[in-house]
**Student:** 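For reference, the structure I am asking about is given below.
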Amino acid sequence: MSQKLNIAFIQANLEWEDPEANRSLFSEEINKLSSDVDLIILPEMFTTGFSMNAEKLAEPTESKTLDWLKEKARAKNAAVTGSVIITENGNYYNRLFFVYPDGSYKLYDKRHTFTLAKEDETYAAGKERLIVEYKDWKICPLICYDLRFPVWARNTEDYDLLIYVANWPEKRVNAWDALLKARAIENMCYCVGLNRTGIDGDGYVYNGHSAAYDVLGNELTELNREDEFTAEITLDKESLYETRNKLKFLQDRDKFNLEL
């Protein structure tokens, strides 16, 4: 069993609707990472920014960006995750890829499309949650607005790590900080949130606040900076399970069915 998981955050100022520039930016940052990294986390819509211009920007699943993700995963011998704009069967999706070092991958389509920005009018909502097994860790990757809906993140599978990739604006960053911490506490898991920085093409300002929290809601990083950064942290499963087994809070969770 892998007790440690080394995670890399890349908090960046995305170039608006410019996939080539953004892949180049992240290539440069990924190449700087240590050989110990196990998982590399990229933001929501990391090739374009949070754009509703899906007709122009959408790629098929088997695309240049997926090939790029596979190449980076193989080169660093690490998993890579982040979301991009995808077209499939006449629909558009805000789709997260979790790419393994061997080039295989899992998919998650954002469940909660952001109605305030009319994301629901452009992108189809996902129907299934994804639980990834990687290096003996169980990981639940979600996307941005999903953070506001605790039932969707509910830890019924005893996963170890909850991840949110995001384009979360500065004007509501207090909610981002509070909800990331809450999701860690209520699910008795590590919770990692990766946001972007800068100003997008629609004029929205982003100020980062990417962070990681442990099972008790303690912040594991000092990464609440508002500038661009790349950093690595180590998560410890032994500590996670020691706390879970001592407190046993998950054993007292209520049972109910979720209707989609």
Side-chain angles (χ1 to χ4, degrees), residues 10-23 25-26 40-70 79-99 105-132 139-153 162-169 172 175-176 179-180 183 192-198 200-202 204 206 208 210 260:
I10 304 179
Q11 179 172 289
N13 181 0
L14 303 179
E15 294 292 336
W16 185 245
E17 297 185 349
D18 193 339
E20 289 289 346
N22 288 310
R23 284 190 293 263
L25 180 157
F26 286 114
I40 302 164
I41 305 176
L42 308 178
E44 176 185 26
M45 292 191 182
F46 69 87
T47 60
T48 60
F50 189 62
S51 174
M52 299 302 105
N53 195 3
E55 184 175 359
K56 171 186 174 183
L57 299 170
E59 303 178 65
T61 295
E62 297 292 335
S63 63
K64 188 171 185 177
T65 297
L66 180 57
D67 288 342
W68 177 87
L69 286 165
K70 290 179 179 180
V80 186
T81 191
S83 87
V84 296
I85 300 172
I86 293 296
T87 181
E88 183 177 87
N89 297 327
N91 292 319
Y92 299 115
Y93 295 92
N94 185 346
R95 176 167 291 175
L96 177 142
F97 290 92
F98 190 100
V99 180
Y105 61 91
K106 301 285 188 181
L107 304 174
Y108 167 71
D109 293 327
K110 186 178 183 181
R111 167 62 186 163
H112 299 93
T113 49
F114 189 41
T115 54
L116 187 61
K118 299 184 178 180
E119 185 183 13
D120 59 314
E121 297 179 12
T122 302
Y123 298 95
K127 300 296 184 183
E128 297 182 5
R129 198 171 70 169
L130 174 66
I131 303 295
V132 173
I139 302 170
C140 179
L142 299 175
I143 303 174
C144 203
Y145 192 42
D146 288 331
L147 179 60
R148 288 189 177 272
F149 302 93
V151 173
W152 189 242
L162 180 61
I163 296 173
Y164 290 93
V165 301
N167 278 212
W168 194 285
R172 290 183 292 277
W176 166 261
L179 294 176
L180 284 175
R183 296 295 88 82
V192 173
L194 178 68
N195 196 22
R196 62 159 295 180
T197 63
D200 71 15
D202 290 325
Y204 291 101
Y206 303 88
S210 300
L260 301 180

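All residue numbers in this chain count up from 1 along the given sequence.
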**Student:** Whether the side chain of Thr197 engages the backbone of Asn13 through a donor-acceptor N/O pair (distance < 3.5 Å, no angle test) should be reported.
**Tutor:** yes

**Student:** To the closest 0.5 Å, what do you measure between CG (Leu162) and CG (Leu180)?
**Tutor:** 8.5 Å

**Student:** Please identify each residue that fulfils ring-ring contact (aromatic ring centres under 6.0 Å, His included) with Phe114, with sequence neighbours left out.
**Tutor:** Tyr145

**Student:** Does the side-chain contact (heavy atoms from CB on, under 4.5 Å) test come out yes or no for Val99 and Leu66, once each step is laid out?
**Tutor:** CA-CA 8 Å; Val99 180; Leu66 180 57; 4.1 Å; yes

**Student:** Output yes when a side-chain donor or acceptor of Arg183 lies under 3.5 Å from a complementary backbone atom of Leu147, and no otherwise.
**Tutor:** yes

**Student:** Flag yes if more than 12 heavy atoms outside Glu62 fall under 6.0 Å of its CD atom; otherwise flag no.
**Tutor:** yes

**Student:** Would you name the heavy atoms of Ile163 and Ile139 that are closest together and state the gap between them?
**Tutor:** CD1-CG2, 3.7 Å

**Student:** Going by distance alone, is a donor N or O of one side chain under 3.5 Å from an acceptor N or O of the other, for Asn195 and Tyr206?
**Tutor:** no

**Student:** Would a 4.5 Å heavy-atom cut-off, applied to side chains only, mark Leu69 and Phe26 as touching?
**Tutor:** no

**Student:** Do Val132 and Thr81 have side chains that get closer than 4.5 Å, going by heavy atoms?
**Tutor:** no

**Student:** With side chains defined as the heavy atoms from C-beta onward, is the minimum distance between Leu107 and Leu130 less than 4.5 Å?
**Tutor:** no

**Student:** Could you tell me whether a side-chain N or O of Glu15 sits under 3.5 Å from a main-chain N or O of Ala21, the two making a donor and an acceptor?
**Tutor:** no

**Student:** Closest approach of Glu59 and Thr65, non-hydrogen atoms and distance?
**Tutor:** OE2-OG1, 2.6 Å

**Student:** Has the side chain of Tyr108 got a donor or acceptor atom that lies under 3.5 Å from a matching backbone atom of Arg111?
**Tutor:** yes

**Student:** Which pairs would a plain distance check flag for residues 85-92, meaning a side-chain donor or acceptor within less than 3.5 Å of a matching protein atom at least two apart in sequence or in another chain?
**Tutor:**
{"from": "Thr87", "atom 1": "OG1", "to": "Asn91", "atom 2": "O", "distance (Å)": "3.4"}
{"from": "Glu88", "atom 1": "OE1", "to": "Arg95", "atom 2": "NH2", "distance (Å)": "3.2"}
{"from": "Glu88", "atom 1": "OE2", "to": "Arg95", "atom 2": "NH1", "distance (Å)": "3.2"}
{"from": "Asn91", "atom 1": "ND2", "to": "Tyr93", "atom 2": "OH", "distance (Å)": "3.4"}

**Student:** Does Asp200 use its side chain to pair, donor to acceptor, with the backbone of Asp202 at less than 3.5 Å?
**Tutor:** yes

**Student:** Under 3.5 Å, is there a donor-acceptor pair between the side chain of Ser63 and the main chain of Pro60?
**Tutor:** yes

**Student:** So, for Arg129 and Ala153, which heavy atoms are closest and what is the spacing to 0.1 Å?
**Tutor:** NH1-C, 3.2 Å

**Student:** Hey, what do you get for CG (Asp109) to CD (Glu128), rounding to the nearest 0.5 Å?
**Tutor:** 9.5 Å

**Student:** Might you point out which heavy atoms bring Ala175 and Arg148 nearest each other, and give the distance in Å?
**Tutor:** CB-NH2, 3.7 Å

**Student:** Check Ile143 against Tyr164 and note the closest heavy-atom contact, atom names and distance.
**Tutor:** N-CD2, 4.4 Å

**Student:** Considering only distance and modelled atom types, tabulate donor-acceptor pairs under 3.5 Å from the side chains of residues 43-54, sequence neighbours left out.
**Tutor:**
{"from": "Glu44", "atom 1": "OE1", "to": "Asn167", "atom 2": "N", "distance (Å)": "2.9"}
{"from": "Glu44", "atom 1": "OE2", "to": "Asn94", "atom 2": "ND2", "distance (Å)": "2.8"}
{"from": "Glu44", "atom 1": "OE2", "to": "Lys110", "atom 2": "NZ", "distance (Å)": "2.9"}
{"from": "Ser51", "atom 1": "OG", "to": "Glu17", "atom 2": "OE2", "distance (Å)": "2.7"}
{"from": "Ser51", "atom 1": "OG", "to": "Asn53", "atom 2": "N", "distance (Å)": "2.9"}

**Student:** Quick check: do Phe97 and Val80 have side-chain heavy atoms less than 4.5 Å from each other?
**Tutor:** no

**Student:** Would you say Leu42 and Val165 make side-chain contact, with heavy atoms under 4.5 Å?
**Tutor:** no

**Student:** Kindly assign one of parallel, tilted or perpendicular to the pair Trp176 and Trp168, based on the angle between their ring planes and the thresholds 30° and 60°.
**Tutor:** tilted

**Student:** Grab the two heavy atoms, one from Ala125 and one from Thr113, that are nearest each other, plus how far apart they are.
**Tutor:** CA-CG2, 4.3 Å

**Student:** Step by step, work out the side-chain contact (heavy atoms from CB on, under 4.5 Å) result for Thr61 and Tyr105.
**Tutor:** CA-CA 11 Å; Thr61 295; Tyr105 61 91; 3.8 Å; yes

